[in-house]
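Worksheet: one structure, shown below.
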Amino acid sequence: MAVREIIKLPDKRLRLSSESVKRVDAGIRALVDDMFETMYDAPGIGLAGIQIGVPKRVVVMDLSKKDEAQAPRVFINPEVTWASKEQATHEEGCLSIPEYYEEVERPVQVKVKYLDLDGKQHEIEADGLFATCLQHEIDHINGILFIDHISKLKRDRVIKKFTKAAKAAKAAKKVEA
Ligand code: K1U
Ligand code: ZN
């Protein structure tokens with residue numbers, strides 16, 4: 001198990017559409033272990049494979065509160081099969097866009113089908129933060145970021161800020177070497 005580096009905006013890999021998992025094998029289980037370790041270390045409540053540079057349709061999540069026991073959940077090849085017409089606004093953050101939070105409007109309820117770690121198929125209905133987080137993570141495996149759901153003005157501003165920070169970090173690394 002290892003804490004892996006979380007890739008950040010404007011890394012182009014965040015725009016990739018991830019590949020379906022053909023077989024839930026030992027490699028996938030090792031990836032899931034690393035994703036949990038990385039998510040808990042960050043800390044965060046969800047993580048998609050692509051956020052550690054692995055373009056596979058794998059999502060981990062834990063929505064337990066600080067004073068509760070951990071409640072790890074794994075979603076392999078998750079897919080929204082139904083979304084409510086009713087929408088709600090929820091504040092979202094993203095480990096690939098650290099310290100930036102914005103209100104996002106999404107369907108209140110969704111049905112999602114996915115495979116578990118034994119390769120067994122499930123379909124669940126989610127609402128509240130669970131529905132928001134599932135939609136955020138499924139967006140990640142389709143190359144979509146939560147900033148794509150906010151105004152262009154706000155999106156351009158945050159992309160500019162992170163692009164500038166990435167350039168400065170690269171220049172500082174060059175001086176160090
Ligand atoms: O996918 C990600 O980038 C993880 C992201 C998930 C998410 C958060 C909020 C709404 C939708 C999806 C995060 O975990 S951001 C960090 C965060 O929300 C958090 C961190 C520590 C404690 C509680 C929440
Ligand atoms: Zn995210």
Side-chain angles (χ1 to χ4, degrees), residues 2-19 21 28 31-80 83-84 86-112 114 124-151 154-163 165-166:
V3 173
R4 309 265 287 259
E5 190 190 340
I6 297 177
I7 63 176
K8 310 272 167 15
L9 193 74
D11 193 310
K12 286 189 173 70
R13 288 173 290 175
L14 289 169
R15 294 311 192 172
L16 292 175
S17 183
S18 296
E19 281 175 19
V21 172
I28 294 296
L31 169 65
V32 165
D33 285 347
D34 282 0
M35 287 173 66
F36 273 122
E37 199 157 336
T38 305
M39 183 191 76
Y40 287 127
D41 177 75
I45 57 172
L47 193 74
I50 192 57
Q51 291 181 276
I52 56 164
V54 180
K56 291 187 193 294
R57 301 181 87 82
V58 178
V59 163
V60 297
M61 198 179 291
D62 189 336
L63 301 179
S64 62
K65 304 217 171 72
K66 259 190 190 165
D67 52 341
E68 292 173 352
Q70 285 184 346
R73 300 184 211 235
V74 181
F75 303 90
I76 297 167
N77 298 341
E79 214 178 302
V80 174
S84 64
E86 191 191 347
Q87 306 258 324
T89 300
H90 205 289
E91 188 177 74
E92 296 191 23
C94 183
L95 297 175
S96 296
I97 314 175
E99 287 162 41
Y100 182 74
Y101 297 88
E102 197 53 70
E103 297 282 328
V104 175
E105 192 176 51
R106 296 184 188 269
V108 179
Q109 283 178 299
V110 285
K111 280 187 186 168
V112 172
Y114 65 97
I124 42 139
E125 194 164 334
D127 59 14
L129 179 61
F130 187 22
T132 298
C133 200
L134 272 170
Q135 291 174 82
H136 179 113
E137 302 306 335
I138 291 171
D139 271 358
H140 269 306
I141 61 177
N142 289 322
I144 298 166
L145 298 171
F146 85 95
I147 54 170
D148 299 334
H149 297 283
I150 65 176
S151 74
K154 286 181 179 171
R155 182 168 59 252
D156 287 349
R157 209 183 282 155
V158 69
I159 291 172
K160 198 171 167 187
K161 184 180 157 192
F162 277 81
T163 303

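Excluded from the calculations below are hydrogen atoms, water molecules and symmetry mates; all remaining heavy atoms, backbone and side chain alike, are included. Predicted, not measured: the structure shown is a model, and the values here were computed from it. Numbering of ligands and ligand atoms starts at 1, following listing order. FYI, the numbering just counts along the sequence from 1.
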#### Entry: Protein heavy-atom partner closest to atom 20 (C) of ligand 1 - residue, atom, separation in Å
Pro43 O, 3.3 Å
### Query
Would you say Asp148's side chain and Leu145's backbone share a donor-acceptor pair under 3.5 angstrom?
yes
### Task
Can you sort out which atoms of ligand 1 are near Gln51, meaning under 4.0 Å from one of its heavy atoms?
1 (O), 2 (C), 3 (O)
#### Entry: Geometric class of the Phe36/Tyr40 ring pair [parallel <30°, tilted 30-60°, perpendicular >60°]
parallel
### Query
Has Met61 got any heavy atom lying under 4.0 angstrom from an atom of ligand 1?
no
### Query
With a 4.5 Å limit on heavy-atom distance, are the side chains of Ile124 and Phe130 in contact?
yes
### Message
Using a 4.0 Å heavy-atom cut-off, which part of His90 comes near ligand 1: side chain, backbone, both, or neither?
### Response
neither
### Message
Could you go through Gln51 and Ser96, starting from their C-alpha distance and side-chain angles, then the distance that decides it, and tell me whether this counts as side-chain hydrogen bond (donor to acceptor under 3.5 Å, both in side chains)?
### Response
CA-CA 7 Å; Gln51 291 181 276; Ser96 296; 3.1 Å; yes
### Query
Does a side-chain heavy-atom distance below 4.5 Å link Ile147 with Lys154?
no
### Heavy-atom nearest neighbour in the protein, as seen from atom 24 (C) of ligand 1, with distance rounded to 0.1 Å
Ile45 CG2, 3.7 Å
### Query
Using heavy atoms and a threshold below 4.0 Å, how should the contact between His136 and ligand 1 be classified: side chain, backbone, both, or neither?
side chain
### pair Ile52-Leu31: side-chain heavy atoms closer than 4.5 Å
yes
#### Entry: Any protein heavy atom nearer than 4.0 Å to atom 22 (C) of ligand 1
no
### Task
Ignoring hydrogens and angles, tell me if any N or O in the side chain of Asn142 forms a donor-acceptor pair with the backbone of Ile144 under 3.5 Å.
no
### Task
Identify whether NZ of Lys or CZ of Arg in Arg73 sits under 6.0 Å from the centre of the six-membered ring of Tyr114 and within 45° of that ring's axis.
no
### Task
Report yes or no: does a heavy atom of Ala48 sit under 4.0 Å from some atom of ligand 1?
no
### Message
Does ligand 1 come near enough to Ser96 that some N or O of the ligand is less than 3.5 Å from an N or O of the residue?
### Response
no
### Summary
Within the 4.0 Å heavy-atom cut-off, what Glu137 brings close to ligand 1 is side chain
### Query
Hey, does Gly44 come in under 3.5 Å of ligand 1, counting only N/O atoms on both sides?
no
### Summary
The side-chain hydrogen bond (donor to acceptor under 3.5 Å, both in side chains) partner of Glu92 among Gln135, Arg106, His149 is Arg106
### Side-chain donor/acceptor of Arg15 to backbone N/O of Gly143, under 3.5 Å
yes
### Query
Among protein heavy atoms, which lies nearest atom 3 (O) of ligand 1, and at what distance?
Leu95 N, 2.8 Å
### Task
Looking only at protein heavy atoms, identify the closest one to atom 4 (C) of ligand 1 and say how far it is in Å.
Gly46 O, 3.1 Å
### Query
Is any N or O atom of Cys94, backbone or side chain, closer than 3.5 Å to an N or O atom of ligand 1?
no
#### Entry: Option nearest atom 15 (S) of ligand 1 (shortest heavy-atom distance, choices Ala42, Pro98, Gly93)
Gly93
### Message
How large, to 10°, is the angle at the Zn ion (ligand 2) when you draw lines to NE2 on His136 and to SG on Cys94?
### Response
120°
